[in-house]
Number of protein chains: 2
Amino acid sequence: MDTRERILHTGLELFTERGYEGTTLAAIAGQIGIKKPSLYAHFTNKEALFLAAVKKAVLEYNQIVSSELKASETESTESQLKTLLYRLAEVYYDEYTISQFYYRFLFFPPPELAPRMQELVVYHGSIADQHIEAVVQQGKDEGEIEPSLANDLITEAYLTLLSGIDFDIRYYDFNKKQIRTHVDRIWQVFWRGIRAS
Amino acid sequence: MDTRERILHTGLELFTERGYEGTTLAAIAGQIGIKKPSLYAHFTNKEALFLAAVKKAVLEYNQIVSSELKASETESTESQLKTLLYRLAEVYYDEYTISQFYYRFLFFPPPELAPRMQELVVYHGSIADQHIEAVVQQGKDEGEIEPSLANDLITEAYLTLLSGIDFDIRYYDFNKKQIRTHVDRIWQVFWRGIRAS
DNA sequence: GTCTATACGGCGATAGAC
DNA sequence: GTCTATCGCCGTATAGAC
């Protein structure tokens, strides 16, 4: 990993933990074993460093989500949708820094940088949307899912469920095992809500 | 409102918008028309001011949630649970500063203050838990809700749905009308999941 | 309880040698 | 590309008059 990458990597960690104003350039430099002024050989200033970290986080996070979506196997629709919930929830643990950074600054950006950050954020929502709608349609074709419920309605509910799980992980500080149990439990209600009657 | 209260009020606003390190004492003082050193007549230092704001936010937020819970009327179980979702979601808009402050610093506290903050946070989860379980039980008694689903299972799913709505408001930047539509839509799936078959 | 004046440190950023 | 040295500014916090 070259120096620029090491700076971004450490920057992501520290910005995640301490926020934009709470993170000093000296701390970033110190953690990778160089001095503060050396950073300026790689980035024009603190803002540019931070925005480069945002770009990296957005790209990586979307890539992680995409790869989890693609990895879904050809199981039953129910198990496919449920497995996807596990996987996307577990991104929080397996890619802790990226996902914490992503949500921290998506929800609470430094006000003066918010305009320039929005250009960098490409909503992955639409990618997930399409994928889930396709699985839902497959579930209908196979007679597993209630045909009278519109695909986009089911997808919307599913994504809100996913949001809720994401929220709960942070709010209740669930560990990986607790999250599995949590997903298992609420899935019973959700599946009952969309399965063919 | 006395000066101490005005300081806390403005502090909540600025901490919410700019974070702990991003908020300066001069900015707080300036916004209420006094000078920076005057703050020290009311709080021993910045940390104490912030922790007092945290205490205020936690108390007010829990009070708001509690009063929304108590306000539920004697309608059908379905409409009662659905109305509660609207109300709790709309707290975000009606009490924007308090609820943003609450979640910002619950999820992303200044690391050095996290220990002292935890003492101040009393989870309102258990209050909501009990209330919702009672409504669920009532729904079973009246034959509206599927009796084979455990009360705590339904409550857990309901609260995750609420978390998801909270998350979506912030993530998609929904306005009040969009949130009503969103809740209406996902409620169809959730209700189908818990209603008596 | 508010003010002016000021101390003190740490911040982002630059200059210039190697 | 990294360093030492240093600048200028602004942050929290204190002293002491009114």
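Protein chains get the first letters and strands the later ones, always in sequence-line order, with residue 1 at the start of each. Just the heavy atoms: all of them, side chains too, but no hydrogens, waters or symmetry mates, feed the values below.
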Peer 1: Is any side-chain N of the basic residue among B:Arg18 and A:Glu21 closer than 4.0 Å to the acidic one's carboxylate O?
Peer 2: no
Peer 1: Specify the separation, in whole Å, of atom NZ of A:Lys35 and atom P of C:dG12.
Peer 2: 16 Å
Peer 1: Please report the distance, rounded to the nearest Å, between OH in A:Tyr20 and C1' in C:dC11.
Peer 2: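 My rounded result for the distance is 12 Å.
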Peer 1: B:Thr3 side chain: which of D:dT2, C:dC3, C:dT2 is closest?
Peer 2: C:dT2
Peer 1: Taking the six-membered ring of A:Tyr92 as reference, does the cationic atom of A:Arg170 (NZ for Lys, CZ for Arg) lie under 6.0 Å from its centre and within 45° of its axis?
Peer 2: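 Pair A:Arg170/A:Tyr92 does not count as cation-pi.
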Peer 1: Counting any heavy atom closer than 4.0 Å, what does B:Thr24 reach on the DNA or RNA strands: base, sugar-phosphate only, or nothing?
Peer 2: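 Sugar-phosphate, backbone atoms only, no base.
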Peer 1: Starting from the C-alpha separation in whole Å, work towards a yes-or-no answer on side-chain contact (heavy atoms from CB on, under 4.5 Å) for B:Gln188 and A:Leu153.
Peer 2: CA-CA 9 Å; B:Gln188 294 174 50; A:Leu153 181 74; 3.6 Å; yes
Peer 1: B:Ala41 has a side chain; which of C:dA5, C:dT2, C:dA13 sits nearest to it?
Peer 2: C:dT2
Peer 1: Answer yes or no: side-chain N or O of B:Lys46 and base N or O of D:dG11 forming a donor-acceptor pair under 3.5 Å.
Peer 2: no
Peer 1: How far apart are the closest heavy atoms of B:Tyr93 and B:Ile169, and which atoms are they?
Peer 2: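 Of all heavy-atom pairs spanning B:Tyr93 and B:Ile169, the closest is OH-CG2, 3.6 Å.
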Peer 1: Respond yes when some side-chain nitrogen or oxygen of B:Ser38 is under 4.0 Å from OP1 or OP2 of C:dT4, and no when none is.
Peer 2: no
Peer 1: For the pair made of CZ in A:Phe43 and C1' in D:dT2, what is the distance, rounded to whole Å?
Peer 2: 16 Å
Peer 1: Could you tell me how far apart A:Leu39 (CG) and C:dG12 (P) are, to the nearest whole angstrom?
Peer 2: 10 Å
Peer 1: If I take atom NE2 in residue B:His42 and atom C1' in nucleotide C:dT2, what distance separates them, rounded to the nearest angstrom?
Peer 2: 8 Å
Peer 1: With a 6.0 Å cut-off on the ring centroids, do B:Phe50 and B:Phe105 count as close?
Peer 2: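 For B:Phe50 and B:Phe105, the ring centres are under 6.0 Å apart.
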Peer 1: Write down the distance between NZ (A:Lys36) and P (D:dT6), rounded to a whole number of angstrom.
Peer 2: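 Rounded to whole Å, this separation is 14 Å.
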Peer 1: Given atom CG of B:Asn45 and atom P of D:dA13, what is their separation to the nearest angstrom?
Peer 2: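 From B:Asn45 CG to D:dA13 P: 5 Å.
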Peer 1: Could you work out which one of C:dA13, D:dC3, C:dT2 sits closest to the side chain of B:Ile34?
Peer 2: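 Looking only at heavy atoms from C-beta outward on B:Ile34, the closest nucleotide is C:dT2.
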Peer 1: Find the distance A:Tyr40:OH to D:dT4:P and express it as a whole number of Å.
Peer 2: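 My rounded result for the distance is 16 Å.
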